[in-house]
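Below is one structure, written out as structure tokens; the observations come after it.
Letters A, B, ... are given to chains in the order of the sequence lines, protein chains preceding strands, and every chain is numbered from 1. What's counted below: heavy atoms across the whole structure, side chains too, no hydrogens, waters or symmetry copies.
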There are 4 protein chains.
Amino acid sequence: MKPRDENKVNEIYAATLQLVKENGLSGITMSMIARKAGFATGTVYIYFENKEQLIVQLFEKCFRNYAQDYFAGFDPSAPFKVAFHTIWMNMVKHSTAKFNELIFIEQCFHSPFISEETRKTSKEMLKPWLDLIEKGKNEKLIKQLETPWLMIYIRGPVREMIKYAEYNKVKISKELIDNMFEMCWNGIRA
Amino acid sequence: MKPRDENKVNEIYAATLQLVKENGLSGITMSMIARKAGFATGTVYIYFENKEQLIVQLFEKCFRNYAQDYFAGFDPSAPFKVAFHTIWMNMVKHSTAKFNELIFIEQCFHSPFISEETRKTSKEMLKPWLDLIEKGKNEKLIKQLETPWLMIYIRGPVREMIKYAEYNKVKISKELIDNMFEMCWNGIRA
Amino acid sequence: MKPRDENKVNEIYAATLQLVKENGLSGITMSMIARKAGFATGTVYIYFENKEQLIVQLFEKCFRNYAQDYFAGFDPSAPFKVAFHTIWMNMVKHSTAKFNELIFIEQCFHSPFISEETRKTSKEMLKPWLDLIEKGKNEKLIKQLETPWLMIYIRGPVREMIKYAEYNKVKISKELIDNMFEMCWNGIRA
Amino acid sequence: MKPRDENKVNEIYAATLQLVKENGLSGITMSMIARKAGFATGTVYIYFENKEQLIVQLFEKCFRNYAQDYFAGFDPSAPFKVAFHTIWMNMVKHSTAKFNELIFIEQCFHSPFISEETRKTSKEMLKPWLDLIEKGKNEKLIKQLETPWLMIYIRGPVREMIKYAEYNKVKISKELIDNMFEMCWNGIRA
DNA sequence: GATGAATGAGCCTTCATTCAT
DNA sequence: CATGAATGAAGGCTCATTCAT
């Protein structure tokens with residue numbers, strides 16, 4: 001007997017992400033996904049109940065990756081700027097390495113697939129990042145602004161930088177990253 | 001496909017934008033658009049050749065609005081920071097007032113509807129903004145970074161701020177805007 | 001504007017009945033139905049929400065026809081044997097004229113389409129027939145057996161006769177009908 | 001397709017009959033059959049070439065059972081009424097004990113699975129029953145009607161009685177059977 | 001022009017059948 | 001043999017588009 005090849009799930013995910021980046025959520029079909037992943041349409045239905053489930057589960061996986069990557073090597077007890085730098089760099093790395101996922105998540109947020117609830121629980125995964133910002137505020141190292149606005153202020157430039165680089169096929173240099181980090185820091189510092 | 005009754009065209013546009021915000025590009029149909037706009041499916045085809053044309057033309061219109069709004073009251077000969085502030089405020093106003101269009105443009109960028117060419121010509125509309133940044137660099141008022149990165153650095157936080165406010169149904173206070181502007185400025189100042 | 005052609009519903013019904021007689025419920029597809037009725041597949045979906053609804057609604061219509069035809073010209077106050085003969089003849093006429101419907105109903109009874117409830121309410125339509133039998137029992141004209149068994153005893157031969165005639169392409173003569181009626185009557189008479 | 005393990009074949013048959021009774025021919029799939037029979041889908045294909053063969057062979061088996069059961073203990077040389085009673089009782093017993101098969105045969109008659117030929121050869125198995133009726137006619141004990149109509153007249157009430165009992169979960173009493181037999185006899189007697 | 005019924009290509013999904021294990 | 005994952009043709013259904021009114 002041929003056992004259920006759990007690797008196929010990942011191949012389906014990869015195909016989906018690639019296609020969504022290229023064509024948007026509105027431009028993909030189950031047969032496109034199957035073809036890109038290298039098997040028959042019906043096979044996808046062995047691993048996913050239907051298209052919606054595939055999208056939802058991939059969304060959740062992407063969001064988990066996202067939260068996880070953000071906090072790689074993150075030490076909440078480190079000095080604020082060090083910890084902040086760690087997460088900022090993780091953002092850049094994650095967004096670059098998993099650009100497909102970034103785009104996929106963005107497209108999903110305006111789709112009929114993702115429920116309000118999924119959206120909310122997803123955001124809760126970023127709690128440590130929120131906590132860190134609050135710590136920075138408490139230590140008077142950064143502006144006394146409501147935390148979400150500070151988080152947003154950071155995410156915005158990073159996300160746009162990666163998008164620009166991807167769309168225009170530009171490399172992001174070490175120098176640019178340093179510059180960008182400095183700009184972000186100058187923006188929020190007290 | 002006779003865009004005579006400019007009024008009807010706008011109703012179709014409005015319905016489309018609303019629906020895309022709610023359901024994403026993947027969640028809209030021509031009949032949904034027609035129903036929301038208040039007439040029969042066939043009527044849409046009097047004003048637009050097909051779905052793609054509707055999307056493309058709306059995209060172009062949105063981008064024109066975008067560029068236009070950015071430069072409302074903009075005086076290139078004004079002192080840099082004044083001009084910069086004008087445009088920054090225009091970004092905020094435009095994104096807030098026409099949030100639907102922001103989302104629509106974003107969704108279109110990853111859709112089969114918008115050609116590479118359309119994307120590029122669209123961006124050219126923002127030339128004055130680019131020129132302004134370069135002027136700021138020449139005057140040594142802001143960082144000597146390649147212009148696109150500076151533009152991006154500004155757009156990012158603004159866009160994210162508006163999205164956050166919309167999704168979380170939060171009002172953006174005058175004070176927040178001032179704070180955000182200051183942060184953006186601190187980020188890019190020389 | 002082309003108004004919804006309610007006649008199409010009947011054409012769809014007719015096509016379905018014909019196809020079910022020929023191939024059974026398991027042998028029909030929506031496109032077969034559409035083709036036989038003479039229009040495109042999608043058209044069927046203008047008149048029926050889905051396949052199940054089509055089947056269910058046709059079932060209900062057939063059962064209404066059935067009940068109605070049974071009681072054509074039926075006078076409950078007529079002498080028992082006269083009234084009994086009226087209904088018996090109606091059974092024969094209905095089953096012959098609407099053989100398709102007879103088969104369709106039979107197939108539906110063992111299908112996933114018809115709910116237990118529909119089955120039950122359908123049967124209630126035959127109340128007058130039940131009442132008549134009871135009247136006959138009260139008047140001691142027929143056997144003192146529980147009513148359902150008497151009803152069944154009558155329906156059985158009629159149904160089988162019609163089926164046999166249809167399947168073997170045999171005409172049912174006036175004489176045969178008289179003979180059959182007499183046999184049925186002799187069976188139940190007191 | 002090696003009907004070696006006759007036991008497994010019977011389990012497949014039993015599962016199929018049960019499912020067809022519950023869902024009709026249109027409501028069964030090969031995997032449903034396999035699951036109900038307690039093994040994997042592929043296993044069914046070891047014993048049957050394909051779905052059609054499974055249905056056809058089961059049909060033939062059911063029809064053989066049917067004919068066989070009808071003539072259990074039947075002595076053609078016995079007095080007519082005795083022999084007639086034997087077969088009539090066999091009908092009742094068979095239909096009750098193998099109600100699944102009755103329904104299955106009925107559904108098959110209107111399916112794409114059973115060929116015209118299979119239908120005909122099946123009927124020939126009932127020859128002794130036909131002969132008996134003719135004997136009764138020759139002996140002037142029953143009505144001088146064409147034999148098929150007499151056969152039908154008998155089968156009809158029996159079949160309907162069993163169906164009614166099954167669908168309404170009613171027990172058939174010894175008394176009812178006697179009554180029914182008497183009615184059938186009174187119907188056909190000369 | 002406006003309407004919405006009609007069309008049929010194409011998408012999602014199922015399921016009979018095959019095949020690697 | 002037995003298994004159930006894999007296959008892909010075919011069915012149910014949708015929806016962009018057309019067309020009769």
Side-chain angles (χ1 to χ4, degrees), chain A residues 1-6 8 26-35 37-55, chain B residues 1-2 4-5 8 26-35 37-55, chain C residues 1-6 8 26-35 37-55, chain D residues 1-2 4-5 8 26-35 37-55:
Chain A
M1 187 208 51
K2 181 188 290 182
R4 216 168 141 120
D5 180 357
E6 285 308 326
K8 286 218 167 63
S26 62
I28 58 167
T29 69
M30 290 299 264
S31 63
M32 281 168 78
I33 293 170
R35 202 179 318 122
F39 23 75
T41 315
T43 308
V44 179
Y45 286 86
I46 295 170
Y47 296 92
F48 296 94
E49 207 174 333
N50 53 36
K51 191 180 184 180
E52 178 168 358
Q53 281 305 304
L54 163 52
I55 301 290
Chain B
M1 36 174 162
K2 290 197 163 160
R4 264 186 212 170
D5 189 342
K8 282 220 172 65
S26 62
I28 59 166
T29 68
M30 290 299 264
S31 64
M32 281 168 79
I33 293 170
R35 201 180 318 124
F39 23 75
T41 315
T43 309
V44 178
Y45 284 85
I46 295 167
Y47 297 96
F48 296 94
E49 204 173 339
N50 54 37
K51 191 179 184 181
E52 179 169 358
Q53 281 306 304
L54 163 53
I55 301 290
Chain C
M1 188 209 52
K2 182 187 291 181
R4 215 169 142 119
D5 181 356
E6 284 308 326
K8 285 218 168 64
S26 62
I28 59 167
T29 68
M30 289 300 263
S31 64
M32 281 168 79
I33 293 170
R35 202 179 318 122
F39 23 76
T41 316
T43 307
V44 179
Y45 286 87
I46 295 171
Y47 295 92
F48 297 94
E49 208 175 332
N50 54 39
K51 190 180 183 179
E52 178 169 358
Q53 280 305 305
L54 164 51
I55 301 290
Chain D
M1 38 178 158
K2 290 199 167 160
R4 262 186 213 169
D5 188 342
K8 282 221 172 64
S26 62
I28 59 167
T29 69
M30 290 299 264
S31 63
M32 280 167 80
I33 292 170
R35 201 179 319 122
F39 23 76
T41 314
T43 309
V44 178
Y45 285 86
I46 295 167
Y47 298 96
F48 296 94
E49 203 173 340
N50 54 37
K51 191 179 185 181
E52 180 169 356
Q53 281 307 304
L54 163 53
I55 301 290

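We find that CD1 of C:Ile46 is positioned 8 Å from C1' of E:dG4, with the value rounded to whole Å. One atom, CD of A:Gln53, and another, P of E:dT14, lie 13 Å apart when rounded to the nearest Å. Rounded to whole angstrom, the span from the CG atom of A:Asp5 across to the P atom of F:dA5 amounts to 11 Å. Taking atom CG of D:Leu54 as the reference point, atom P of E:dC15 lies 16 Å away to the nearest angstrom. For the pair C:Glu49 CD and F:dG12 P, the interatomic distance rounds to 16 Å; values are reported in whole Å. Residue C:Arg4 contributes atom CZ, which lies 17 Å from atom C1' of F:dT21 at whole-angstrom precision.
At the heavy-atom level, A:Tyr47 lies under 4.0 Å from the strands shown only through sugar-phosphate atoms. Backbone-only engagement by D:Phe39 is indicated by non-hydrogen atom pairs under 4.0 Å involving sugar-phosphate atoms exclusively.
In DNA chain E, runs of at least 3 consecutive Watson-Crick or G-U pairs, each pair with both distances below 3.5 Å, span E:2-21 with F:2-21.
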Problem set entry | Steps toward side-chain contact (heavy atoms from CB on, under 4.5 Å) verdict (D:Ile33, D:Thr41) | CA-CA 8 Å; D:Ile33 292 170; D:Thr41 314; over 6 Å; no
For this session: Please report the C-alpha distance between A:Glu49 and A:Leu54 in whole Å, then the side-chain angles of each, then the deciding distance to 0.1 Å, and finally whether the side-chain contact (heavy atoms from CB on, under 4.5 Å) criterion is met.
Result: CA-CA 7 Å; A:Glu49 207 174 333; A:Leu54 163 52; over 6 Å; no
Problem set entry | Chi angles and distances behind the side-chain contact (heavy atoms from CB on, under 4.5 Å) call for C:Ile28, C:Ile55 | CA-CA 11 Å; C:Ile28 59 167; C:Ile55 301 290; 4.2 Å; yes
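Of the listed nucleotides (F:dC13, F:dA2, E:dT7), F:dC13 has the atom at the smallest distance from the side chain of C:Tyr45. Set against F:dG12, E:dG4, E:dT17, the side chain of B:Ala40 has E:dG4 as its closest nucleotide. Distances from the side chain of C:Lys8 to the nucleotides E:dG8, E:dA6, F:dA16 place E:dA6 closest. The side chain of C:Lys51 approaches F:dC13 more closely than any other nucleotide in the set F:dC13, E:dT13, F:dT7.
Between A:Val44 and C:Asn50, the residue anchored closer to the 5' end of DNA chain F is A:Val44, taking for each the nucleotide with the nearest heavy atom. Heavy-atom nearest nucleotides on DNA chain E were determined for D:Gly42 and for B:Gly38, and the one closer to the 5' end corresponds to B:Gly38.
Counting only heavy atoms from C-beta outward, the side chains of C:Asp5 and C:Tyr47 approach each other to under 4.5 Å.
Closest approach of B:Lys8 and B:Phe39 over heavy atoms only: CD-CE2, 3.8 Å.
Of the possible donor and acceptor atoms, none in the side chain of C:Tyr45 sits under 3.5 Å from a partner among the backbone N and O of C:Lys51. Judged purely by atom type and a 3.5 angstrom limit, A:Arg4 uses its side chain to pair as donor or acceptor with the backbone of A:Ile46.
The phosphate of E:dT7 has OP1 or OP2 within less than 4.0 Å of a side-chain N or O from C:Thr43.
Near DNA chain E, defined here as any heavy-atom distance below 4.0 Å, there are no residues from residues 27-35 of chain C.
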